[in-house]
*Asks:* 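Structure below; questions to follow.
Numbered from 1 within each chain, the chains take letters A, B, ... in sequence-line order. Only heavy atoms go into these numbers, but all of them, side chains included; no hydrogens, no water, no symmetry mates.
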Amino acid sequence: MTIAYALDIATTNPFSFFKLLRRWHGSAWKNCAREYLVWIVAYFLVTYVVSHEMLPSDWHEILNGVVHYLDSKLAYIPIVLLLGFFVTFVIDRWKNILNNIGFIDCAAFVIASQIQGDAEDIVTQRRNILRYLCLAQVLTLRDISLKVLQRFPTLESLVQSNLLLEHELALLRDKDTVERYTTPINWAVRLSANLRLENCISSDTVLQAVVKEITEFQKLNQNLCNYDWVPVPLAYPQVAFCVVRSYLFLSLFARQVVFEHNAKTVEVDMESWAMFIMTMLQVFFYLAWVKVAEEMLNPLGTDDNDFECNFVIDHNMSLALRLADSHHGQIPEQVKDEFDQ
Amino acid sequence: MTIAYALDIATTNPFSFFKLLRRWHGSAWKNCAREYLVWIVAYFLVTYVVSHEMLPSDWHEILNGVVHYLDSKLAYIPIVLLLGFFVTFVIDRWKNILNNIGFIDCAAFVIASQIQGDAEDIVTQRRNILRYLCLAQVLTLRDISLKVLQRFPTLESLVQSNLLLEHELALLRDKDTVERYTTPINWAVRLSANLRLENCISSDTVLQAVVKEITEFQKLNQNLCNYDWVPVPLAYPQVAFCVVRSYLFLSLFARQVVFEHNAKTVEVDMESWAMFIMTMLQVFFYLAWVKVAEEMLNPLGTDDNDFECNFVIDHNMSLALRLADSHHGQIPEQVKDEFDQ
Amino acid sequence: MTIAYALDIATTNPFSFFKLLRRWHGSAWKNCAREYLVWIVAYFLVTYVVSHEMLPSDWHEILNGVVHYLDSKLAYIPIVLLLGFFVTFVIDRWKNILNNIGFIDCAAFVIASQIQGDAEDIVTQRRNILRYLCLAQVLTLRDISLKVLQRFPTLESLVQSNLLLEHELALLRDKDTVERYTTPINWAVRLSANLRLENCISSDTVLQAVVKEITEFQKLNQNLCNYDWVPVPLAYPQVAFCVVRSYLFLSLFARQVVFEHNAKTVEVDMESWAMFIMTMLQVFFYLAWVKVAEEMLNPLGTDDNDFECNFVIDHNMSLALRLADSHHGQIPEQVKDEFDQ
Amino acid sequence: MTIAYALDIATTNPFSFFKLLRRWHGSAWKNCAREYLVWIVAYFLVTYVVSHEMLPSDWHEILNGVVHYLDSKLAYIPIVLLLGFFVTFVIDRWKNILNNIGFIDCAAFVIASQIQGDAEDIVTQRRNILRYLCLAQVLTLRDISLKVLQRFPTLESLVQSNLLLEHELALLRDKDTVERYTTPINWAVRLSANLRLENCISSDTVLQAVVKEITEFQKLNQNLCNYDWVPVPLAYPQVAFCVVRSYLFLSLFARQVVFEHNAKTVEVDMESWAMFIMTMLQVFFYLAWVKVAEEMLNPLGTDDNDFECNFVIDHNMSLALRLADSHHGQIPEQVKDEFDQ
Amino acid sequence: MTIAYALDIATTNPFSFFKLLRRWHGSAWKNCAREYLVWIVAYFLVTYVVSHEMLPSDWHEILNGVVHYLDSKLAYIPIVLLLGFFVTFVIDRWKNILNNIGFIDCAAFVIASQIQGDAEDIVTQRRNILRYLCLAQVLTLRDISLKVLQRFPTLESLVQSNLLLEHELALLRDKDTVERYTTPINWAVRLSANLRLENCISSDTVLQAVVKEITEFQKLNQNLCNYDWVPVPLAYPQVAFCVVRSYLFLSLFARQVVFEHNAKTVEVDMESWAMFIMTMLQVFFYLAWVKVAEEMLNPLGTDDNDFECNFVIDHNMSLALRLADSHHGQIPEQVKDEFDQ
């Protein structure tokens, strides 16, 4: 479920933003919590080992040299370049996937109003065309979204949810997997063509309008499949994952404060704390940034910020069937509005 | 209300830009004023404590060391990377939302000219179709824009504004929230289909043109809903907010001028002022940049630069009803133009 | 008037580019000349004051310290970040505005060929529909482009230019400002609908094609209005203006060469000149870059590179009326082409 | 074949990402393995030569100086700028090519449902129209994708795969290469026009819908041809290739640890290892990044991540023929759904 | 002619890329050769003057100081910022121009199949409509592309190429320049309208389909004109040209190795060579990058990588006339395909 927060920031002022910071679900805090805690604990472990003389004293100076050295070479890791590129790629894909999740509203308006008649068989066919659209969407989403697959683990579960009827299930089983996804769309198109033959659709122009809505709805499903079929090339998330984690790992050592034996303790302590706080901030910002990108890499998964496909399915099914029903075709009595004298 | 200033800069020269700088509403000055003042006061407080020997003298040297140290590590905070990314994301979304605020003009031209007839009931139905379009937009915007919600807090307030009639309100109440937003569109589409049956719309081709305008108008509303439903992932504004504020907070300390006891006073003073001015400029530029982005994050809110949805609603309602009215259908007498000999 | 130079660089070689450099209108040289000269004069004034011992000698050392200090802190001003962002935003908007300036050609082809007949009243109506399209564009552009407003300062001036007839002006005066812009489009759509009723347009399919061309032309005008209504948020040009000018101002001081009293004169002189040349180049590049962006911020203004809307208006009016005229409908005699044996 | 991994990361946590890291096909590891090993071996060879005193001792100091010098000048190579630009260009092109690989689904729904009739010659013509679409796609892809060319090396091989019939091959041979690609589309369009004449297509509206699907499918092929015809300008991959390889080559020398004769061995060793690890990471990240871009430069080639055009061809051929077949036109018996009481 | 190289890199490995490096036409090597050689010669000249004591000895030290100084200030020139921006702008425009070069294929399919009949005058008109489309494209491209202008220097040369007939030339001469470009489109649209009146086009629906293909083809020409009319604002190529050349010029001096009189010769030599190689690489990469951008600035010019408009013109003319011809309308005999049992 995506996290909405628009009303919190209707007026922009520093206090309205504090409301945003208090949120937990889908927040940067929740995303990073586990890995961030691990990092902090590890950092203090290293500090303890380095500073409390648990090592043979001749190793001490060497270690300090290495810490210095590592810190100066940490810039070798091109974290900004790779993260910037990876996040941009992922965001772009995320927006495209969002734009291709189909809402049935406009298709339902057109189909429900253009296939006219209150006879029971007409109503049934109208309902079925719209149900087939929802069915095609669910068949597609089951392959793409883990949540939808969990809800509809088998074709039988579709029958239980009344998205599919028993005799339709039998027909669907006969198709191989390639054809199965698009079979309900095929049914819907052919049913429309039949309705035209029976003159329930009044002209070819209307039929084309109906078919166009059906195919446009299907194109969205097709696009979702394509985005699933061709993901971000595997090497990019691998590299992005490694670049951040190796940076975090190396900074465990590189960001220790090196003290000399005759240093004043207070100063060393202050410096240690300053270093720790600055590094902690940096680590948090990099981690928070890449964690959201990792989450958005699969926007139809089960994370807090992932799209709630089940909501879309319910919305579509509910709206489609009501609009298709004849008694929902009621129009308010047409009376003059108040402006019209 | 967005702030227009195009005429100020019709000719580009340094002086025309000074006109821009003098503006207050929607300006960088107004956006940042409060936080900027707080920062400046805090900066001088820290300066006072550090430089006026209010601390025990042995702390002095230590503090100076920490200031130096913090300044050298301030670059650890990836402010440019995160801000650049956040602002780009927000601007992109802002532009898309702008492009999806629906103006009814073209829909009104088509509907008003294609549903012909001056009989009272035809006029009423024509007006109502266009009114339903406006109504659907208002129902959508009430959920998204705080200003529109403040104007129409309840469904009854829609009746008072004559956007909705009493008997339509009754029908609307029966629907659940999912269906309610799109019910007026459903009415408009079915009313058009009825007008075709009664031959007030002369052919299926014309009906399709009318239905297409209605569904395209609705698609804009739908897109606005989607942008509201799936905001910028919460973690990004959280991180952007934190990165700027932690930078500003740390620079309060890191950007103090450290003087040594035997330093020449004038030189120290000059340096202090130079440092203060440079830091002040930097802080202002970062703050100004991120504040506009924070404002644009919710472009339908109540800030100076936010879109004035109420203006669009009034424009649409006013234009739609006039065009639908029969006496507005008048065409100027057709006489030859002056070029035509 | 935009500056065309494509033929100068048909073949790319260093010499072809020198041709580009020689241009003055719309050039970087012309854009920056005034501000650049002011900056150079100011730089030498500061140099004179600093180096010719016009200050009390004890100030000398202090000033030098400040110059050094300022130079090292000049990087605090995030000029690259803010300029890069601002220019990208402005360029994107500039391209969109360019794409929304309507050429009437395709609308004219369709309208002129689909409304058939050589009777005088048909010709008049055909001409008027196209004239109304041009009129709607001019009404829109008058609000957006200073040049068009200067050409048509009042509605009467439209009558003098034969874009509007006297009796149409009277009708237009009755409308309020909201409706006025779109009234000619309304006339054109209704006139088309009437022509269909009188069977001058042969079928509803043709009518829809005509109406679609009209509304698509209007949508371009609408988009231009929107871009005018929602400009780049005011704070961005303000900040971009300030960031460059404060950088230039500070570099007047920060980029002076500090000499010590016992320095060799020749060396100091060489260094001074090297510093001056490098800074001069840097200032020129930043200034040239931001000046074009400032010019493109309002692409319909009166600068060298601004779009010449009056050319588009003349082109549209001239083309539309000729195509609408019956004797322009002539088709060449149809004879076999040479390839056809 | 592109590598799908969406289900691995349905829930984002550090462990789910480890699953990604374990993958080999299409991974960063596989892409870089060969070049990376070569680089590591070369690095140790250089280390051996430099550190084990295989050179005359007076060369030693000189070499060390050069190593130092090279390291400090390595930043002269604008690797980030050029790589960032090149990769962005390549990714953009890759996405466009992906979007232009045509799936026949929607065209098949429309064509199969709108050309009605179970007579054998109608079925044959319906099948042939869809077969011609697949054929046109294969003819185009043979020129663009090496894998498709390997599968269909000659026009005869198309006959063997039943995509083309013998007598059609004869017709195709008569055309020159320019015309050959589009000839099957021409056949499909003309066949549709004939079916309209024979009234198998019921109206011109339906015919236009059929022709529109055919031409839209062809436009995708056309776009693919254009992307093949105008590749990324040759100089860009050349420069990107050189910039990375010259950086890797120079870093073989620049990233050696220079020891002085009286250095402590342990410290030198630690530093050597730290330097080696940091450089190794950097080299890996740059190499991994550019290797994927090099692979995506020709997304229809034979690499792991390249699109599997043969899958699309099989999918299209299989789906198209089944849908065109009459006994696939069966619609489930229309019974009330469970929600409908 | 653009340079195709896709097959060289079907499989990505280091060796396949060496094939790319061997190319000369359109390569980075050819683009930069001249300027690069000039720069190298100039660099050695400066080296000779500086290092071989051709200057009075007291100038020596001063010069060395200046070289050091220049090198440290070379970063003042914002070459990365300006180049990055300029190249991105140019690439974006280049892609848009590519997408607007019109291929006539789809228009030809529709027009050739929808205007039916084998009577000689019908065939002639069908051919002429398509010839007019090609003619309009050539008239537009003559203004934009130097190569096309060289091929068709006058309107008479169009007659010689059989694109235009004598009596059509006479009509074209009568039009002023504004109208001339679009006159053939006007002829094509009106000819189609006439064919509808004579019932050679069977319905208004078909006519609209024909007119839509014609106007869409014309819109591509229109867009090309717009891109020609509004080029990249002149100041940008000027600044980009200057920023690279001033960087190259300054690096001639700044990148000399400064030796002290008592330096060891071998070490100096090694350092000189290291500096030369690094600078040479840097100069090459910047130069190669900007040269391609300069070439792409006018993608319809005469460079190696420019689009070959004459190929498109020939392709269109050849394809259009063949498709229009009646004997090309042959459809293969319709027999069952092999899959159909």
Side-chain angles (χ1 to χ4, degrees), chain A residues 35 62 65-66 69-70 73 76-78 81-82 85 89 121 124-125 127-128 131 144 146 162 165 167-168 171 178-179 182 185-187 189-191 193-194 204-205 208 211 215 218-219 222 226 228-231 233-239 241 243 246 291 294-295 297-298 301-303 321, chain D residues 2-7 9-12 14 17 20-21 23 26-28 31 80 84 87 91 98 103 105-106 109-110 113-114 116 202-203 205-206 209 266-267 270-271 274-275 278-279 281-282 285-286 288-289 292 296 305 315 318-319 322-323 329 331-340:
Chain A
E35 286 186 64
I62 292 166
V66 169
Y69 197 81
L70 273 182
K73 304 299 182 201
Y76 282 6
I77 298 187
L81 178 74
L82 291 180
F85 174 77
F89 194 144
D121 62 324
T124 299
Q125 292 186 48
R127 288 176 70 101
N128 283 350
R131 185 164 54 81
I144 298 174
L146 190 60
N162 296 325
L165 299 183
H167 68 290
E168 292 162 356
L171 284 174
V178 169
E179 216 184 333
T182 53
I185 298 292
N186 191 23
W187 291 343
V189 172
R190 281 173 195 275
L191 208 45
N194 274 8
D204 283 344
T205 305
Q208 294 318 315
V211 169
T215 52
Q218 169 61 10
K219 269 173 195 161
Q222 177 88 61
N226 283 5
D228 188 59
W229 183 50
V230 184
L234 177 59
Y236 283 128
Q238 286 180 332
V239 169
F241 184 86
V243 83
S246 61
K291 288 300 283 185
E294 283 173 18
E295 208 181 290
L297 189 57
N298 184 12
T302 59
D303 296 310
L321 292 188
Chain D
T2 53
I3 309 298
Y5 55 85
L7 285 185
I9 50 170
T11 311
T12 309
F17 258 83
L20 284 198
L21 298 188
R23 299 261 188 151
S27 72
N31 278 332
V80 167
V87 175
I91 293 285
L98 165 62
F103 285 86
D105 303 39
C106 285
F109 295 141
V110 171
S113 67
Q114 306 282 312
Q116 299 195 321
S202 57
S203 73
T205 305
V206 175
V266 185
E267 199 162 304
M270 293 294 285
E271 224 168 84
M275 176 57 117
M278 299 305 287
T279 301
L281 281 169
Q282 186 186 31
F285 289 132
Y286 281 139
W289 206 45
V292 188
M296 293 166 99
N305 270 311
H315 169 93
S318 153
L319 190 77
R322 288 189 206 174
L323 285 179
I331 310 168
E333 190 194 349
Q334 292 299 304
V335 300
K336 277 192 183 183
D337 57 283
E338 300 295 318
F339 294 113
D340 188 15

*Asks:* Can you tell me which of D/Leu281, D/Ile91, D/Leu98 forms the most heavy-atom pairs within a distance under 4.5 Å of chain A?
*Replies:* D/Ile91
*Asks:* I would like to know whether D/Gln114 and A/Gln208 meet side chain to side chain contact (heavy atoms under 4.5 Å, CB included); could you show each step before the answer?
*Replies:* CA-CA 9 Å; D/Gln114 306 282 312; A/Gln208 294 318 315; 2.7 Å; yes
*Asks:* Would you name the heavy atoms of A/Val239 and D/Ala288 that are closest together and state the gap between them?
*Replies:*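 That closest heavy-atom pairing would be CG2-CB, 3.5 Å.
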*Asks:* Using a cut-off of under 4.5 Å for heavy-atom pairs, which of D/Val110, D/Thr279, D/Asn31, D/Val335 has the most such pairs with chain A?
*Replies:* D/Val335
*Asks:* With a 4.5 angstrom heavy-atom cut-off, which part of D/Phe109 approaches chain A: side chain, backbone, both or neither?
*Replies:* both
*Asks:* Looking only at heavy atoms, which two atoms of D/Val87 and A/Tyr236 are closest? And how far apart?
*Replies:*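 Between these two residues, the closest heavy atoms are CG1-OH, 3.7 Å.
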*Asks:* How many angstroms lie between atom CE of D/Met278 and atom CD1 of A/Ile77, to the nearest 0.5 angstrom?
*Replies:*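 One gets 4.5 Å once the value is rounded to the nearest 0.5 Å.
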*Asks:* CG of A/Leu70 to CE of D/Met275: how many Å apart, nearest 0.5 Å?
*Replies:*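 So the CG of A/Leu70 and the CE of D/Met275 are separated by 11.0 Å.
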*Asks:* What's the shortest heavy-atom distance between D/Ser27 and A/Ala235, and which atoms?
*Replies:* C-CB, 4.1 Å
*Asks:* Out of curiosity, A/Lys219 NZ to D/Asp105 CG, how far, rounded to the nearest 0.5 Å?
*Replies:* 10.5 Å
*Asks:* So for A/Val243, is it side chain, backbone, both, or neither that comes closer than 4.5 Å to the heavy atoms of chain D?
*Replies:* both
*Asks:* What part of A/Tyr76 gets closer than 4.5 Å to chain D, counting heavy atoms only: side chain, backbone, both or neither?
*Replies:* both
*Asks:* Can you tell me which portion of A/Gln222 sits under 4.5 Å from chain D's heavy atoms? Options are side chain, backbone, both or neither.
*Replies:* side chain
*Asks:* Is the shortest heavy-atom distance from the side chain of A/Ser246 to the side chain of D/Phe285 under 4.5 Å?
*Replies:* yes
*Asks:* Look at the side chain of A/His167 and the backbone N and O of D/Glu333, then say whether any donor-acceptor pair between them is shorter than 3.5 Å.
*Replies:*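 Yes: the side chain of A/His167 pairs with the backbone of D/Glu333.
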*Asks:* Give a yes or no on whether the backbone of D/Ala28 and the side-chain of A/Gln238 come within a donor-acceptor separation of less than 3.5 Å.
*Replies:* yes
*Asks:* Can you tell me how far apart OG (D/Ser113) and CD1 (A/Ile185) are? Round to the nearest 0.5 Å.
*Replies:*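 CD1 of A/Ile185 is found 12.0 Å from OG of D/Ser113.
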*Asks:* Between atom CG of A/Asn128 and atom CD of D/Gln334, what is the distance when rounded to the nearest 0.5 Å?
*Replies:* 4.5 Å
*Asks:* Using distance alone, with no hydrogens and no angle criterion, decide if A/Asp204 and D/Thr205 have a side-chain donor and acceptor under 3.5 Å apart.
*Replies:* no
*Asks:* Side chain, backbone, both or neither: which part of A/Leu191 has an atom under 4.5 Å from a heavy atom of chain D?
*Replies:*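 For A/Leu191, backbone and side chain are both near chain D.
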*Asks:* For chain D, which of A/Asn194, A/Leu171, A/Thr182, A/Asp121 has the most heavy-atom pairs under 4.5 Å?
*Replies:* A/Thr182
*Asks:* Find the one option among D/Ala209, D/Ser318, D/Ala274, D/Ser203 whose heavy-atom pairs under 4.5 Å with chain A are most numerous.
*Replies:* D/Ser203
